[in-house]
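These numbers come from a predicted model, not from an experiment.
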Amino acid sequence: MGLAQELAAAGVRRGAPLAVAVVPGRGVGLAWAGGTRAVVGDPRQVAEQLAVLGPRWTWWSAREAARPLVAAGFRPRACWDLGAVGMLLHGLRRSGPEAVWAAAHGRELPPEPGPRSHAPSLFDLPDAEDADGPVRADGQLASSWVRGGWAGDIDDAARWAELAARLQRQQEALLRGLPDPRPAAAPGSPGLALLTAYAESAAALLAVELEHDGLPLDEEAMTGLLAQMIGPRPADAAAEAAMRAARDERVLRRFPGPPVDLRNPAVVRELLTRVGIDVPDTRSWRLERYAATSAPVAELLAWRKTERVATTYGWSWIDRNVGPDWRLRGEWGWADGGAGRMTASAGLHNLPAELRPGVRAEPGRVLVRADLGQVEPRVLAAVSGDAGLARAAREDDMYAPVAAALRCDRPTAKVAVLAAMYGQTSGAAGAALRDMERAYPRALGFLRAAEEEGRAGRDVRTYGGRLVRLGPHPPGVEPGRVSGYGRYARNAVVQGAAAELFKAWAASVRAGLARMDGEPRIVLCLHDELLLHVPEAGADDAVALVRSMLEATAGWWAAGSGVRFVADVSVGHSWAEAH
DNA sequence: TGCGCTACGTA
DNA sequence: CGTACGTAGCGCAG
């Protein structure tokens, strides 16, 4: 009997959790609701064999378990990421097994491992106890197992997988215990928190795939752009320094007096006084109004732009982050920060618009760009259950009906909505804000409630169930700056829910692409934008897919709210062209 | 070397 | 109107 049949007979069926601990090159440990199994063999081949069962691959982290499979060319279908779900459920800032295990069992979190050594504690002397297994007598995970001690032995890997399977059931039970915020969830269907856990897990896997695949650049296009903006690639450090000096000189010769360090804001401020400009700081937006009348300022601002590209997105950036295959690769986070947005390093999330023509599909392929329109106000309408705002969110442009309701013009309506969502401090849209309160009381009440929870230092949960900690040290908020908690919480419930919707959409697009030919891939996630790299022949199908998946996702995510989500979708050879 | 500040790119 | 994130160079403290 083959392995797949064996597990099928043991009750592992489509969508059922199957925990896997990968021992690279040696085998895998498996565990499911009814048993465990240590399998010797190439992990990728084992995974391929079991894929016919369509299990929900369950692992402590995609980074550890899925990376070797992805690197070997295996693309898992569905998964459960204990780290990702643990962060979601418990509001953790880290996703390690010791933390998610402790949180699920209501125990104090082990101290954060790090370069900074801490005072010795009970957590530091587990090795003597480890012989017994992964769980210590005090209920915490043994640190040698957490550090991967199980990976030396396939039977240990099976024990590690068994523990994963157990924690998966506990997490699932906790998720099922959360209230479903949707007014019209289909009876008998999974709750929103469980569905969000699936999406978070998929996002964690997608992060691993994005790191592996990278973003395709075109060598000729990108080097051409850079050469035009910052000059040709310097031959050596001396040539680089000379070009730098030449760039500085162009600016300095416009100012009277001795040269100064343009990279030092304090002396730049002094420099500006030489041409009669006195400013509190030298930020670009503040200097912009002088640029039209002052050639030195215009030159300085142009220098800043070039300097930004030269230092952050220049030749050394290419050398550090672009492979010989001309793929730009960075590290991806699936749920960083307070709100749980995806993050990326290596400039993937802040690539200047001028460089986007350098992001190009490979020959025979195209890029499909899809971005959600007005996603945050639509999310607000859905999560607050405000019938009036939801009615507005049925339109392609929801600011038009909002303007009508507020009896103002569209730009004012937009500012009023944004001011309400993010807690404005300056009084530009005061009157419109009062009209908002009248027109959309439920949405405004929802935001105010989040703000009050934040001010009081009470944790909040997003629509999808992410716990946002507002306790002693919420990330991004200085302890003691209690007024900051309010806006932080107000923002987190909207931005966080939007991130959850986006990831659910991305997960379903990923699943849909897996059924298409020619290895179409998601190559970039940018908060409300997806970029797909697909065969030319599959472009129309990909466009249809992102649209139908948005409709399907919104159908369950915003069930009963009446809110529509819209996407702008386009196809092109370069990222810039697909706009 | 590590950290805060200033500045700026993206959503 | 606000929030989030990553990156880089500077000055300063250690």
Side-chain angles (χ1 to χ4, degrees), chain A residues 114-116 244 248 260-269 279-288 300-301 303-314 316-317 320-321 330-356 359 369 371-377 379-380 411-430 432-433 436 447 450-451 454 468 474-478 484-499 502 524-531 575:
Chain A
R116 215 175 272 290
R244 199 169 118 131
D248 293 6
V260 300
D261 182 0
L262 293 172
R263 292 158 192 84
N264 182 340
V267 301
V268 168
R269 214 186 137 228
V279 281
D281 61 67
T282 72
R283 288 186 156 82
S284 297
W285 62 266
R286 204 185 286 284
L287 296 179
E288 220 110 71
L300 176 65
L301 289 177
W303 176 89
R304 281 256 177 89
K305 228 170 164 50
T306 306
E307 187 68 7
R308 163 72 37 184
V309 173
T311 55
T312 309
Y313 308 101
S316 75
W317 168 73
R320 273 176 289 121
N321 303 297
E331 283 173 25
W332 282 85
W334 70 88
D336 276 10
R341 275 184 164 189
M342 295 183 78
T343 55
S345 68
L348 283 156
H349 270 185
N350 37 12
L351 197 71
E354 305 95 289
L355 290 179
R356 291 183 180 195
V359 176
R369 188 194 123 269
D371 74 292
L372 301 176
Q374 304 170 343
V375 63
E376 291 190 347
V379 161
L380 174 61
T412 308
K414 183 174 176 177
V415 168
V417 171
L418 295 176
M421 271 195 296
Y422 304 134
Q424 80 154 28
T425 48
S426 66
L433 212 51
M436 281 283 293
L447 292 166
E451 172 145 15
V468 179
V477 180
E478 294 296 320
Y485 284 51
R487 272 211 301 280
Y488 178 78
R490 180 188 276 260
N491 180 256
V493 292
V494 178
Q495 197 182 89
F502 174 81
L524 191 74
C525 295
L526 192 42
H527 307 317
D528 62 359
E529 178 174 344
L530 280 174
L531 197 64
W575 189 10

Pick out the pairs of N or O atoms, protein on one side and nucleotides 6-10 of chain B on the other, that lie under 3.5 Å.
from: B/dA7; atom 1: OP1; to: A/Thr282; atom 2: N; distance (Å): 3.0
from: B/dA7; atom 1: OP1; to: A/Thr282; atom 2: OG1; distance (Å): 2.7
from: B/dA7; atom 1: OP2; to: A/Arg283; atom 2: NH1; distance (Å): 2.8
from: B/dA7; atom 1: N3; to: A/Arg308; atom 2: NH2; distance (Å): 3.4
from: B/dC8; atom 1: OP1; to: A/Ser284; atom 2: N; distance (Å): 3.4
from: B/dC8; atom 1: OP1; to: A/Ser284; atom 2: OG; distance (Å): 2.1
from: B/dC8; atom 1: OP1; to: A/Arg304; atom 2: NH1; distance (Å): 3.0
from: B/dC8; atom 1: OP2; to: A/Ser284; atom 2: N; distance (Å): 3.0
from: B/dC8; atom 1: O4'; to: A/Arg308; atom 2: NH2; distance (Å): 2.9
from: B/dC8; atom 1: O2; to: A/Arg308; atom 2: NH1; distance (Å): 3.4
from: B/dG9; atom 1: N2; to: A/Asn350; atom 2: ND2; distance (Å): 2.8
from: B/dG9; atom 1: N3; to: A/Asn350; atom 2: ND2; distance (Å): 3.4
from: B/dT10; atom 1: OP1; to: A/Ala353; atom 2: N; distance (Å): 3.1
from: B/dT10; atom 1: O3'; to: A/Arg356; atom 2: NH2; distance (Å): 2.9

What protein N or O atoms touch nucleotides 11-14 of chain C N or O atoms at under 3.5 angstrom, if any, and at what distances?
from: C/dG11; atom 1: OP1; to: A/Asn264; atom 2: ND2; distance (Å): 2.9

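- Comparing A/Ala346 and A/Arg341, the nucleotide of DNA chain C nearest to each residue sits closer to the 5' end for A/Arg341.
- Within the nucleic acid shown, A/Ala344 comes within 4.0 Å of sugar-phosphate atoms alone, with no base atom in reach, counting heavy atoms only.
- The shortest non-hydrogen separation linking A/Leu348 to A/Gly330 is CD1-N, 3.5 Å.
- Residues satisfying the salt bridge (charged side-chain N to carboxylate O under 4.0 Å, His left out) test with A/Glu288, not counting sequence neighbours, are none.
- Across the protein-nucleic acid pair, A/Arg369 atom CZ and B/dA11 atom C1' stand 13 Å apart, rounded to whole Å.
- In terms of the salt bridge (charged side-chain N to carboxylate O under 4.0 Å, His left out) criterion, residue partners of A/Asp248 (sequence neighbours excluded) are, by chain and number, A/Arg263.
- A/Glu354 CD: more than 12 foreign heavy atoms inside a 6.0 Å radius.
- The A/Asp528 side chain lies nearest to B/dA11 when the options are B/dA11, C/dG9, C/dG2.
- Regarding A/Glu307, its CD atom lies at a distance of 9 Å from the C1' atom of C/dG9, rounded to whole Å.
- The side chain to side chain donor-acceptor pair (under 3.5 Å) check on A/Ser345 picks up nothing, with sequence neighbours excluded.
- A/Arg283 meets the side chain to side chain donor-acceptor pair (under 3.5 Å) test with no other residue; sequence neighbours excluded.
- The two residues A/Leu262 and A/Leu300 come nearest to each other via the heavy atoms CD2-CD1, 4.2 Å.
- Qualifying side chain to side chain donor-acceptor pair (under 3.5 Å) partners for A/Arg304, counting only residues two or more places apart in sequence or in other chains: A/Thr282.
- Listed by chain and residue number, nothing satisfies the ring pair (Phe, Tyr, Trp, His ring centres under 6.0 Å) test with A/Trp303 (two or more places apart in sequence, or in another chain).
- Here A/Ala413 pairs with A/Val402, A/Ala403, A/Cys408 under the side chain to side chain contact (heavy atoms under 4.5 Å, CB included) rule; sequence neighbours left out.
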Can you give me the dot-bracket string for DNA chain C, 5' to 3', counting Watson-Crick and G-U wobble pairs with both distances under 3.5 Å, using [ ] for crossing pairs and | for partners on another strand? ..|||||||||||.
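- We find that CG of A/Leu418 is positioned 11 Å from P of C/dG2, with the value rounded to whole Å.
- Contact between the side-chain N/O atoms of A/Arg487 and the OP1/OP2 oxygens of C/dT3 is found at a separation under 4.0 Å.
- Across all strands, A/Arg286 comes closer than 4.0 Å to no nucleic acid atom at all (heavy-atom distances).
- The ring pair (Phe, Tyr, Trp, His ring centres under 6.0 Å) search around A/His349 returns A/Trp332, A/His527, not counting sequence neighbours.
- Atom CZ of A/Arg263 and atom C1' of C/dT7 are 16 Å apart (whole Å).
- Checking C/dG6, C/dT3, C/dG9 against the side-chain heavy atoms of A/Thr343 singles out C/dG6 as nearest.
- Remark: A/Thr311 pairs with no residue by the side chain to side chain donor-acceptor pair (under 3.5 Å) rule, at least two apart or across chains.
- The separation between A/Arg490 atom CZ and C/dC1 atom P is 16 Å, rounded to whole Å.
- In this structure, A/Arg244 places its CZ atom 13 Å from P of C/dA8, rounding to the nearest Å.
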